[in-house]
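Here is the structure we will look at.
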Amino acid sequence: MHAKHDRRTFWQRWLPHPLLTTGLVLLWMLLLNEFSIGGLAVGIVLGMAIAILTSHFWPERPKVRSWPKVFRFLVLVVWDVIVANVIVAKLVLFSPVGKLNTRWVAVPLDLKTPEAIAILAGTITMTPGTVSADVSADGRSLLVHCLDAPDAEVAVREMKARYETRLMEIFG
């Protein structure tokens, strides 16, 4: 009896999801809070092992259309997190609770892939002042809580224009 021949390349076997591996290595290094060769080596081993062990859960990885757009998206998110931290700090320190316009908004989704929707939800949650709470059963809307959103429609338009549109360009 012959073993089934694996037609995957070396890289497909050992790096089935390079983006996941890279993200896990970066996350590991951030959690360590200091750079060392040993820490990097452990991060690479963990990143590769987790990607290999979980690869059967998502056989079709999302296709990235433009890596420069991914980089620009990441820069935008980091900037937005910094700005939102300042805004939320001002709201918490100087605004009476009764003056805040907290609300739930439903963001209709044009994104179709679960990975892109998860990135959108994570981006919204990472940005202080907003938290993604749920995706509708049909995957067509995202429920988001806003700390201060005087106009729900404006809040939805901003999230769609700032993040979802860019993710559509990245993932299609």
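Because the structure is predicted, anything quoted here is derived from the model rather than measured.
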N/O donor-acceptor pairs under 3.5 Å from side chains in residues 99-109, not counting sequence neighbours:
{"residue": "R103", "atom": "NE", "partner": "A149", "partner atom": "O", "Å": "2.5"}
{"residue": "R103", "atom": "NH2", "partner": "A149", "partner atom": "O", "Å": "3.2"}
{"residue": "R103", "atom": "NH2", "partner": "P150", "partner atom": "O", "Å": "3.2"}

Please lay out, stage by stage, how T123 and F73 fare under the test side chain to side chain contact (heavy atoms under 4.5 Å, CB included).
CA-CA 10 Å; T123 300; F73 180 77; 3.7 Å; yes
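- The two residues S132 and A121 have their closest heavy-atom pair at OG-O, 2.9 Å.
- With sequence neighbours left out, the salt bridge (charged side-chain N to carboxylate O under 4.0 Å, His left out) criterion links K112 to no other residue.
- Listed by first and then second residue, the ring-ring contact (aromatic ring centres under 6.0 Å, His included) pairs involving residues 18-38 amount to none (not counting sequence neighbours).
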As a quick check of understanding, evaluate side chain to side chain contact (heavy atoms under 4.5 Å, CB included) for L147 and V88, giving each step before the final call.
CA-CA 8 Å; L147 176 65; V88 168; 4.1 Å; yes
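- S66 places no side-chain N or O within 3.5 Å of a backbone atom of I170 that could act as its donor or acceptor partner.
- Across all their heavy atoms, T130 and C146 have their closest contact at CG2-SG, 4.2 Å.
- Remark: E153 engages D151, R157 in a side-chain contact (heavy atoms from CB on, under 4.5 Å) (not counting sequence neighbours).
- A161 and R166 make their closest contact through O-NH1, 3.3 Å (heavy atoms, listed as atom of the first residue, atom of the second, distance).
- Using modelled atom types, one side-chain atom of E164 and one backbone atom of L111 make a donor-acceptor pair closer than 3.5 Å.
- Considering only residues two or more places apart in sequence or on other chains, R162 meets the salt bridge (charged side-chain N to carboxylate O under 4.0 Å, His left out) condition with D80.
- Side-chain contact between D110 and K160 is present, with heavy atoms from C-beta onward closer than 4.5 Å.
- By the salt bridge (charged side-chain N to carboxylate O under 4.0 Å, His left out) test, E158 pairs with no residue at all, sequence neighbours left out.
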